[in-house]
> 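One structure, as structure tokens, below. Some questions next.
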Amino acid sequence: MNNIIVAKFGGSSLADSNQFNKVKSIALANEKRRYIVPSAPGKRYKEDHKITDLLYLCHAHVEQNIPFGDVFSVIENRFLELVEELDVTIDIKEYLKEIKTNIAQGASADYTASRGEYLNGLILANFLKYEFVDPVEIIFFNEKGIFDEERTQRAVSKKLLKIDKAVIPGFYGSMPNGDVRTFSRGGSDVTGSIIARGVNADLYENWTDVSGFLMADPRIVENPKNIKNITYRELRELSYMGATVLHEEAIFPVRKASIPINIKNTNSPDDEGTYIINDLSPASYAGSITGVAGKKDFTIITIEKSMMNIEQGYCRRILSVLEDNNVSFEHIPSGVDTVSLVIAQSQLDGKLERILKEIEIKCKPDSIDVHPDIALVAVVGIGMLRTIGISAKIFEALAKEDINVTMISQGSSEINIIVGVENSNFENAVRAIYNAFSK
Ligand code: ASP
């Protein structure tokens, strides 16, 4: 315990001065919140623009030799308004002028995009009276643009532990030559996690506009229950299947140090949110599931060949066809004489015929069967581990709804069961499974 919380605030939490005020009360409400990581201002309402999107747009204009002044003035106005309403002492016009000049002179896309976080960080630091630390000084990428974990960690702890309270903009760091380099979109989550690891925080709070993860997608299930605790592993499974609140890569740094992540709601700070916890934590909810998520639009290619099981290299030949065509697969459930390839339909666009032909030639199967428009539904939970009856409950729920299951795959980790159903049954399947376990 070293009494440190790292708090990352997402774009919607810092979209206008009203949101900034909420962030201030949250930050100052707990002495332990020593390091704050902001995103760039996000949308204030549904049709609004995210500052990062506008910055990328400016860069694209310059690349195409089209004047970008109009787009840039939208950005300028957002920041001018913020500074005015928050009454901070920052010469924002000067910063904006310099950034505009750099963009006009052909600054990189990464530099341009990162300025949303940079300016928001300056404003927030001034507003909270925290020190501003530019991440180019402590977050490093190597010559290939790959995140340099070791060097970063050393720099983060050395620099930050000497500072009582600091604001560190999210989303970017620097290359060995000093150039700005960003993480992929949504990367401020990753910065927060890196900072939390570097200062060995007790907790990484990720403040957003929802009160944590829900057991199912609220667009499909009415009022799904909140998930109180979820392990890093379960979260990986659920986010892979489409349940996104957090950047996928944000889990890795804190996971190594077993630092829990708490997803919290800036607009409802008293809600407990969701805790993402150590994989080794004992499950207090044996017999239940943590969540259900899924994705539509897969194609299953089933290849049959008698005595496949004793033919060496058969699967390798099948998979080499996918590799030659630059196609990746999601699952490969197999039987004695059959193997199925579950592939996202978007991967197969314009390639399916060729792939089938090449499999015919290379693998000489007895038959190939193509089943398009399949949805995958993943039921995830460490509560399933060594618990009897979970799959019975899942399949009973589906049978009751008259839903045919076209594929079943249980990950070897035994914390997920994936079923394939027709696209048209997807929503019903998610609802049926959720209802079976939510009571
Ligand atoms: N502002 C960046 C983006 O929109 C990073 C972030 O918000 O996490 O992708």
Side-chain angles (χ1 to χ4, degrees), residues 6-16 19-20 22-23 26 35-60 71-72 74-76 78-79 82 95-96 99 103 107-125 132-136 138-139 141 145 147 152 167-174 180-197 204-210 213 235 239 243-254 261-267 276:
V6 170
K8 179 256 165 179
F9 290 89
S12 60
S13 302
L14 293 161
D16 59 22
Q19 294 300 85
F20 262 73
K22 290 183 192 168
V23 168
I26 293 167
Y35 305 108
I36 309 288
V37 176
S39 281
K43 294 185 182 192
R44 293 159 295 182
Y45 42 88
K46 202 161 163 267
E47 300 76 27
D48 198 15
H49 302 290
K50 291 178 72 170
I51 291 292
T52 312
D53 292 336
L54 296 174
L55 287 162
Y56 276 118
L57 202 56
C58 287
H59 180 261
V71 186
F72 197 79
V74 181
I75 300 171
E76 276 171 337
R78 290 274 305 261
F79 281 112
L82 257 183
Y95 284 108
L96 286 163
I99 292 169
I103 297 174
S108 69
D110 281 18
Y111 165 86
T112 307
S114 72
R115 296 304 87 184
E117 269 73 11
Y118 174 72
L119 292 175
N120 230 18
L122 284 169
I123 298 171
L124 187 63
F132 174 82
V133 175
D134 192 332
V136 292
I138 49 171
I139 293 193
F141 295 83
F147 171 59
T152 298
V167 169
I168 311 102
F171 193 35
Y172 71 96
S174 63
V180 167
R181 165 98 185 158
T182 62
F183 291 104
S184 57
R185 293 301 305 267
S188 299
D189 284 343
V190 184
T191 308
S193 183
I194 291 167
I195 301 292
R197 169 110 199 269
Y204 169 28
E205 287 177 342
N206 191 293
W207 291 84
T208 172
D209 55 0
V210 290
F213 290 96
L235 183 65
S239 37
T244 48
V245 172
L246 193 68
H247 191 296
E248 288 248 285
E249 287 158 41
I251 296 173
F252 298 111
V254 283
I261 307 174
N262 188 193
I263 308 285
K264 296 275 284 177
N265 190 347
T266 302
N267 305 319
I276 307 167

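Remember, it's 1-based here, ligands and their atoms both numbered in the order they're listed. Computed over heavy atoms, backbone and side chain alike; hydrogens, waters and symmetry mates excluded.
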> Quick one: salt bridge (charged side-chain N to carboxylate O under 4.0 Å, His left out) partners of Asp53, sequence neighbours excluded?
Arg185
> For Phe141 together with Phe183, are the ring centres under 6.0 Å from each other?
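Ring centroids of Phe183 and Phe141 are less than 6.0 Å from each other.
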> Return the protein residues near ligand 1 (heavy atom under 4.0 Å from any of its atoms), ordered by chain and residue number.
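Residues near ligand 1: Ser39, Lys50, Thr52, Glu117, Phe171, Arg185, Gly186, Gly187, Ser188.
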> How long is the gap from NZ on Lys22 to CZ on Phe9, to the nearest 0.5 Å?
12.0 Å
> Tell me which one of Asp134, Thr152, Val190 satisfies side chain to side chain contact (heavy atoms under 4.5 Å, CB included) with Ile139.
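Among Asp134, Thr152, Val190, the one that satisfies the side chain to side chain contact (heavy atoms under 4.5 Å, CB included) with Ile139 is Thr152.
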> Using 0.5 Å steps for rounding, measure from the CG atom of Asp189 to the CD atom of Glu248.
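Interatomic distance, Asp189 CG to Glu248 CD, rounded to 0.5 Å: 11.0 Å.
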> Sub-3.5 Å donor-acceptor pair from the side chain of Glu117 to the main-chain atoms of Ala40, do we have one?
yes
